[in-house]
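One structure is given here, and the rest of the page talks about it.
Reminder, nothing fancy here: chain letters follow the sequence lines and each chain counts from 1. Quantities reported herein were computed from a predicted structural model and do not represent experimental measurements.
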Amino acid sequence: MPDAMPRQTAAGFSGLAAGYALLSPAMLIIVAMLVAPMLALVTLSFWTQNGFELDTSFTLANYWALIEPADEPTMWMGIPFPFKNPVYAILMLKSLVMSLAVTAAVILIAYPMAYFLAFRVTRYKALWIIIITIPFWTSYLLRVFSWKIMLGFNGVINSGLMSLGIISEPLSFLLYNPPAVVITLTHAWVTFAVLPIYVSLEKIDRSLLEAATDLGDSKWQRFRRVTLPLSLPGTISAALLVFIPTVGDYVTPTLVGGPGGTMIGNSIQSLFLKQDNSPRGAALSIVMMAIVALLSLLFMWAVGYRKIRARSA
Amino acid sequence: MRKIFTPLTLYAILFTVFLYGPVLLMPLFSFNDNTFAVFPLKGFTLKHYASMAANGSMLGALWNSLVVATIVAVIATAVGLPTAIALTRYRLRGGGAIAAALMLPLVVPSIIFAVALLVILVRILNVELSLLTVGASHVFICLPFAIMVLMSRLEGFDKSLEEASRDLGEDGWGTFRRVTLPLAWPAVISSLLMCFIISFDEFVMAFFLSGTDPTLPVFLFGQLRFPNKLPGVLALGSLILLVSTILVVAAELLRRRGVQEKPA
């Protein structure tokens, strides 16, 4: 007689079991696709590749190879890198700088658009949001490729300018360099940043803005003292959502970066698929992830993310 | 006081041009009668599309992608639905941590997951790489999107409907089948479409984890190196853009209707 049982207890007990049962497929996927592969990656980073064989004795050699000092430092952009394999440190620094440039550009470009969506669009808001989101869902590969068509030696900008008579021969500095990578990545990620910023702008209580105006703030003061601080949570998450994945990006540098525009992702890809040194590739992946995570936490601490979030919640 | 054309509106229009301009070059040049994507335009042609349709290996890759994306969409949504129900309807210890773990593919660079899966599959388990391994990785990266879409719908409708169903004597499964599922239906379709697009367009995982049978993006990537293959790539790229756009708009409209619609 199930009906005679106190409902609370029945629902409470079977409810908990049912809840975990519902979660079990997802938990299985986490274990199989996240936990186990990550453990394998960490384990492999302590092994070494010996020709075709894997030497499974524990060693830190792969990590050591990334930072092994050399007598003569290698100079890159005027910075000395005192390592025997300076390429990893150089690419890591270069990737971080390029990702930072991309993140800054993305936020600067996305913020006014999000502001427009939140405060100026009254009709057709859903339409605007769909327009902004469509590119995010279309093929990343094709969006990157379209910049290759744009910037190429035989590309749209060069041929366009030439047929207009503005230049007489193609500009060769457009493609295959770090700025081309930064432009392409900015374009590829900018829609990703609009939405979180828009959401935090949309949440702002409009009466706060009225209060600021009533109390004598000019438009600019109102923006700087009310709107901007209250939109920081969305802006900061947008920045992290762009910065973290772009550091490891490898499609864009491959397609538009040329030899000078390679990033750390290219190095990882090459260690795994070309140089057949997956243990060192594993170590490099882990170090990259650790550096990015550390920098992100440092950034959140520096801007006082916790406090900002608590204040605007 | 209300001006229609403010500097900010102008900015929004410029932003949209920046967003769409480069991408729209692809369809433009796919109809242009020239092997290179250069101005001035020479003339209208459909021959790039014809040559694409005659390319057997390209069609093979297209078929692979369609199959993988369909199966991935179904599995990710089928796993996402119970997960979303558990996370919205039950207060479970550790639920937050599981949700956070499931969202990781949104932030961690996919190359990390790609190499980690490559290591465990090839170096540890000795599994042959195939479309199966690509599909498994795609389920993992589609899952956060499926869960987000489904959760926002499940949070959007009145929970008292489910309680009423239970009070009227339906068991858990009956309530799910007769109340929750019909109400969540727009989000289920939306999730299927989104997962399909994500898997269909995904490159990095597929590049690392596919064997001899490429998916369409992997095949395309191989073609990008050869300048003489450009017209075919442009034609195929344009078709992919068109189909993804239609699917995204459909998914987005369904999702919005699903979230806003308040059942009477």
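- The structure places CG of B:Asp201 at 8.5 Å from CZ of A:Arg143, a figure rounded to the nearest 0.5 Å.
- Contact of B:Ala136 with chain A is made through backbone and side chain together, with heavy-atom distances under 4.5 Å.
- With a 4.5 angstrom heavy-atom cutoff, B:Phe203 touches chain A only via side-chain atoms.
- When the side chain to side chain contact (heavy atoms under 4.5 Å, CB included) test is applied to A:Ser159, the partners found at least two apart in sequence or on another chain are B:Val38, B:Phe39.
- Of the atoms belonging to B:Val233, it is side-chain heavy atoms, and not backbone ones, that fall under 4.5 Å from chain A.
- For A:Leu255, the part lying near chain B is the side chain, with the backbone staying farther off; criterion is any non-hydrogen pair under 4.5 Å.
- For the residue pair B:Ile112 and A:Ser285, the shortest heavy atom distance occurs at CD1-O, 3.6 Å.
- Using a 4.5 Å heavy-atom cutoff, the side chains of A:Leu22 and B:Tyr90 are in contact.
- At least one donor-acceptor pair closer than 3.5 Å links the side chain of B:Tyr20 to the backbone N or O of A:Ile131.
- Proximity to chain A is limited to the side chain of B:Leu234, based on heavy atoms less than 4.5 angstrom apart.
- With respect to chain A, the highest number of heavy-atom pairs below 4.5 Å among B:Met26, B:Glu202, B:Arg89, B:Glu252 belongs to B:Met26.
- Between B:Thr6 and A:Arg120, the shortest heavy-atom distance links the atoms OG1-NH1, 3.7 Å.
- If you measure heavy-atom distances from A:Tyr20 to chain B, the contacts under 4.5 Å come from both the backbone and the side chain.
- A tilted orientation is assigned to the rings of B:Phe207 and A:Tyr250, their planes being inclined by 30° to 60°.
- Of the listed residues B:Ala116, B:Pro217, B:Gly237, B:Gly95, the one with more heavy-atom pairs under 4.5 angstrom with chain A than any other is B:Ala116.
- One finds the CZ atom of B:Arg91 at 12.0 Å from the CG atom of A:Leu16 (value rounded to the nearest 0.5 Å).
- Proximity to chain B is limited to the side chain of A:Val251, based on heavy atoms less than 4.5 angstrom apart.
- Looking at B:Leu81, there are no atoms closer than 4.5 Å to chain A (heavy atoms on both sides), in backbone or side chain.
- Using a 4.5 Å cut-off between heavy atoms, B:Val107 touches chain A through backbone and side chain atoms alike.
- B:Leu102 CG to A:Ile29 CD1: the interatomic distance, rounded to the nearest 0.5 Å, is 8.0 Å.
- Residue B:Leu92 touches chain A through both its backbone and its side chain, counting heavy-atom pairs closer than 4.5 Å.
- Residue contact with chain A, scored on non-hydrogen atoms closer than 4.5 Å, involves the backbone and the side chain of B:Leu8 alike.
- Both the backbone and the side chain of A:Phe116 have a heavy atom closer than 4.5 Å to some heavy atom of chain B.
- Under the 4.5 Å side-chain criterion, counting only non-hydrogen atoms from C-beta, B:Pro109 is in contact with A:Met288.
- Proximity to chain A is limited to the side chain of B:Thr16, based on heavy atoms less than 4.5 angstrom apart.
- Interface remark: B:Leu247 contributes no atoms to any contact with chain A (heavy atom separation under 4.5 Å).
- Within the 4.5 angstrom heavy-atom criterion, only side-chain atoms of A:Leu141, from C-beta onward, approach chain B.
- By the 30° and 60° cut-offs, the orientation of the rings of A:Phe272 relative to B:Phe208 is perpendicular.
- Distance check: A:Thr191 OG1 to B:Phe15 CZ gives 7.0 Å after rounding to the nearest 0.5 Å.
- Looking at B:Leu19, both its backbone and its side chain come within 4.5 Å of chain A, counting heavy atoms on both sides.
- Using a 4.5 Å cut-off between heavy atoms, A:Ile30 contacts chain B through its side chain alone, with no backbone atom that close.
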Checking side-chain contact (heavy atoms from CB on, under 4.5 Å) for the pair A:Met33/B:Phe113: CA distance, chi angles, key distance, verdict? CA-CA 8 Å; A:Met33 309 294 294; B:Phe113 292 125; over 6 Å; no
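- Using a 4.5 Å cut-off between heavy atoms, A:Ile129 contacts chain B through its side chain alone, with no backbone atom that close.
- The shortest distance between side-chain heavy atoms of B:Val23 and A:Trp147 does not fall below 4.5 Å.
- Checked against the 6.0 Å centroid threshold, A:Trp137 and B:Phe200 do not count as a close aromatic pair.
- B:Val79 and A:Ala26 make their closest contact through CG1-N, 3.9 Å (heavy atoms, listed as atom of the first residue, atom of the second, distance).
- With a 4.5 angstrom heavy-atom cutoff, A:Val247 does not touch chain B via any of its atoms.
- Contact of A:Met162 with chain B is not made at all, since no heavy-atom distance falls under 4.5 Å.
- With values rounded to the nearest 0.5 angstrom, A:Tyr115 atom OH is found 14.0 Å from B:Tyr11 atom OH.
- Using a 4.5 Å cut-off between heavy atoms, B:Phe145 touches chain A through its side chain atoms alone.
- Of the two parts of A:Met113, the backbone and the side chain both hold a non-hydrogen atom closer than 4.5 Å to a non-hydrogen atom of chain B.
- For the pair A:Leu44/B:Ile124, no side-chain contact is recorded, criterion being any heavy-atom separation below 4.5 Å from C-beta on.
- A heavy-atom distance below 4.5 Å is found between the side chains of B:Phe29 and A:Val156.
- Interface remark: A:Thr254 contributes side-chain atoms only to the contact with chain B (heavy atom separation under 4.5 Å).
- Residue A:Thr138 comes nearest to B:Ser244 through the heavy atom pair CG2-CB, 4.0 Å, listed as atom of the first residue, atom of the second, then distance.
- In this structure, the portion of B:Leu104 lying under 4.5 Å from any heavy atom of chain A is its side chain and not its backbone.
- Interface check for chain B: of the options A:Ile109, A:Ile149, A:Ile130, the most heavy-atom pairs under 4.5 Å are formed by A:Ile109.
- Using a 4.5 Å cut-off between heavy atoms, A:Leu142 touches chain B through backbone and side chain atoms alike.
- By number of non-hydrogen pairs under 4.5 angstrom with chain B, the leading residue of A:Ala282, A:Gly281, A:Ala126 is A:Ala126.
- The two residues A:Ser146 and B:Pro22 come nearest to each other via the heavy atoms CB-O, 3.3 Å.
- Of the two parts of A:Ser163, only the side chain, counted from C-beta on, holds a non-hydrogen atom closer than 4.5 Å to a non-hydrogen atom of chain B.
- The contact between B:Leu117 and chain A is made by backbone and side chain atoms together, counting heavy-atom distances below 4.5 Å.
- Considering only heavy-atom pairs separated by less than 4.5 Å from chain B, the leading option among A:Val292, A:Asn158, A:Leu273, A:Leu240 is A:Leu273.
- Judged purely by distance below 3.5 Å, without hydrogens or angles, the side chains of B:Arg123 and A:Ser278 pair a donor atom with an acceptor atom.
- For the residue pair A:Ala40 and B:Ile120, the shortest heavy atom distance occurs at CB-CB, 3.8 Å.
- To the nearest 0.5 Å, atom CE of residue A:Met150 and atom CG of residue B:Leu25 are 6.0 Å apart.
- No side-chain heavy atom of A:Gln269 sits under 4.5 Å from any side-chain heavy atom of B:Val115.
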